[in-house]
Engineer: 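Before I ask anything, let me first share the structure, which is written out below as structure tokens.
Predicted model only: the values in this text are computed from it and were never measured. Lettering follows sequence order; numbering is per chain, from 1.
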There are 2 protein chains.
Amino acid sequence: MSSAERRDTTAPAGTVADALRDAIAGGDFAPNQRLVEADLSEQFGASRAAVRAALVELTSEGLVERVQNRGARVRAVSVEEAVEITEVRMVLEGLLAAKAATRLSDDDRARLRQIGASMQDAVASGDLLGYSGLNSELHTFVRESADQRTAGLLLERLRGQNVRHQFRLAMQPGRPSVSLPQHLAIIEALCAGDPDAAEQAMRVHLQSVVEALSRVDPGPRAGRRG
Amino acid sequence: MSSAERRDTTAPAGTVADALRDAIAGGDFAPNQRLVEADLSEQFGASRAAVRAALVELTSEGLVERVQNRGARVRAVSVEEAVEITEVRMVLEGLLAAKAATRLSDDDRARLRQIGASMQDAVASGDLLGYSGLNSELHTFVRESADQRTAGLLLERLRGQNVRHQFRLAMQPGRPSVSLPQHLAIIEALCAGDPDAAEQAMRVHLQSVVEALSRVDPGPRAGRRG
DNA sequence: GGCGTGGAGGTTGTCGACAATGAGTTCAGC
DNA sequence: GCTGAACTCATTGTCGACAACCTCCACGCC
């Protein structure tokens, strides 16, 4: 809500892509909303060429859709796509969990257990937002511990495409009580240094996310035009 | 020098990206070679703006590297990165193999068995190039049968980054005799309609590729600037 | 002789304007 | 009243030129 405000200074360079990325992720632009180059140019205080470059970049990241001579719009990811993305996350994060399990320091283990304890507290006190934050903290921790930049980069991009569905899922009632034990199992396997168990636990968790996504109603329709 | 030849007509649109992609994949440009916008502009008969857009696009695909005010160059992927990429392929193609196993028609199965038989013939007659072609045909077949566009797109991009290493690996003596039974195992599991076995077989195969890549010498030095 | 300084060349970044394309709208004809 | 075509408008695609920047090289100074 605060990322798309006007800027006084001309944007130095590829900054436009970052700003636009944040704005889309932050919900400043609705799915399927048109992204007119001239408007964005004024909004971000950048040249139209810079906006154009940012649009091209975000297109190959899957956040915007561009059709010849018809302009760009925020790409709306359907539930089916969200499932696909989560399936990919499942195997990718499984790989990272396995690699991370063999590389954790004692400090890392302590940090993981701390996250686990905080998660239990958050669920116990019904703090959905805090739990959601700890959730992404856990996944980020695994990603960074694994030392696999290729998978890490892909995951980061996929996360960008999925934030909306991710958010909707997190607000689903009863969701924390099913995901909490899965998260704890992941942490346990990681701390035990067992790569196979860690991968398996991560996959179980994300498979459950896949099923939860499939169960959820189609949600905000993806086809509307603005 | 098949893909990068001069063109008479101005390139219509995002065609430049495709042409440049092919040229890099085809080896017309060496790793770390500078990509000067003006030169490419003349070479492809397109405006500099079009070249620029293509460069941005290929950058986020991981084929070129761009640094502020210093221009673009063909990205050289190190052996370590090739290993990472193959690890990602391992889990992604494993996922696709599992999904494909549950969706194959009788025609598909026949086609798969045919590929397997051709592979055996190629290896028996020492036809390395033919075997290599059948190899990518198999992987492509799995990718398309799985009906998972997200994973499929990621794999296609990763393949683009890895062609060079892939090629060096294929020419390694003794490599076919180890990969052939793995390929046959994949085909068998797919035809049996067993998703777990198919995923496992695919992972075993690509894990072996990872190990082969690690064994191979560092090859053309990739990382250093200059 | 080594090191810092200045200049020259080349390449990218940016801008403004014009042409081309597509969509929506209005108007005539049936 | 409805259909079809032409027109208008908004928006993107393309181009050329200029400015900013980096690199390399030569020169002078310590």
Side-chain angles (χ1 to χ4, degrees), chain A residues 4 6-21 23-24 29-61 63-76 223-226, chain B residues 4 6-21 23-24 29-61 63-76 223-226:
Chain A
R6 200 152 303 189
R7 296 195 172 192
D8 302 337
T9 102
T10 40
T15 315
V16 187
D18 295 335
L20 190 52
R21 209 193 326 266
I24 293 176
F29 295 101
N32 274 325
Q33 179 173 341
R34 287 195 61 186
L35 298 171
V36 178
E37 296 181 359
D39 296 353
L40 297 178
S41 172
E42 188 183 357
Q43 212 168 28
F44 292 109
S47 75
R48 217 184 55 134
V51 170
R52 218 180 153 70
L55 251 25
V56 171
E57 189 175 335
L58 295 192
T59 298
S60 46
E61 286 182 24
L63 275 98
V64 317
E65 219 170 11
R66 260 164 51 98
V67 290
Q68 185 75 250
N69 287 322
R70 287 184 38 179
R73 54 182 59 207
V74 179
R75 196 170 83 91
R224 276 184 65 181
R225 308 176 47 134
Chain B
R6 200 151 304 188
R7 295 191 172 193
D8 303 337
T9 103
T10 38
T15 315
V16 187
D18 295 335
L20 190 52
R21 210 192 326 264
I24 292 176
F29 295 101
N32 275 325
Q33 178 174 340
R34 289 196 59 186
L35 298 172
V36 178
E37 297 180 358
D39 294 354
L40 297 178
S41 172
E42 188 184 357
Q43 212 167 27
F44 292 109
S47 74
R48 224 191 72 178
V51 170
R52 217 180 155 68
L55 252 25
V56 171
E57 190 175 334
L58 296 193
T59 298
S60 46
E61 285 182 26
L63 274 92
V64 316
E65 218 170 13
R66 258 163 53 98
V67 290
Q68 184 76 251
N69 287 322
R70 289 229 251 144
R73 56 183 58 208
V74 179
R75 196 169 83 90
R224 302 302 155 237
R225 310 251 149 90

Engineer: Under the side chain to side chain contact (heavy atoms under 4.5 Å, CB included) rule, collect the residues that match up with A:R52, sequence neighbours excluded.
Structural biologist: A:E37
Engineer: Run the side chain to side chain donor-acceptor pair (under 3.5 Å) test against A:R66 and tell me which residues pass, sequence neighbours left out.
Structural biologist: none
Engineer: Applying side chain to side chain contact (heavy atoms under 4.5 Å, CB included), name anything that partners A:E65, two or more places apart in sequence or on another chain.
Structural biologist: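 Partners of A:E65 by the side chain to side chain contact (heavy atoms under 4.5 Å, CB included) criterion, ordered by chain and then number, come out as A:R73, A:R75.
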Engineer: Sort me out a list of protein N/O and nucleotides 9-12 of chain D N/O pairs below 3.5 Å, or just none if empty.
Structural biologist:
from	atom 1	to	atom 2	distance (Å)
D:dT12	OP1	A:E37	N	3.3
D:dT12	OP2	A:E37	N	3.3

Engineer: Let me know the distance between CZ of A:R73 and C1' of C:dG22, rounded to the nearest Å.
Structural biologist: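 Atom CZ in A:R73 sits about 13 Å away from atom C1' in C:dG22.
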Engineer: Tell me, please, which residues at least two apart from B:S60 pass side chain to side chain donor-acceptor pair (under 3.5 Å).
Structural biologist: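 Partners of B:S60 by the side chain to side chain donor-acceptor pair (under 3.5 Å) criterion, ordered by chain and then number, come out as A:S60.
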Engineer: Considering residues at least two apart in sequence or located in another chain, which fulfil the side chain to side chain donor-acceptor pair (under 3.5 Å) criterion with B:R34?
Structural biologist: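 By the side chain to side chain donor-acceptor pair (under 3.5 Å) rule, B:R34 matches no residue at all.
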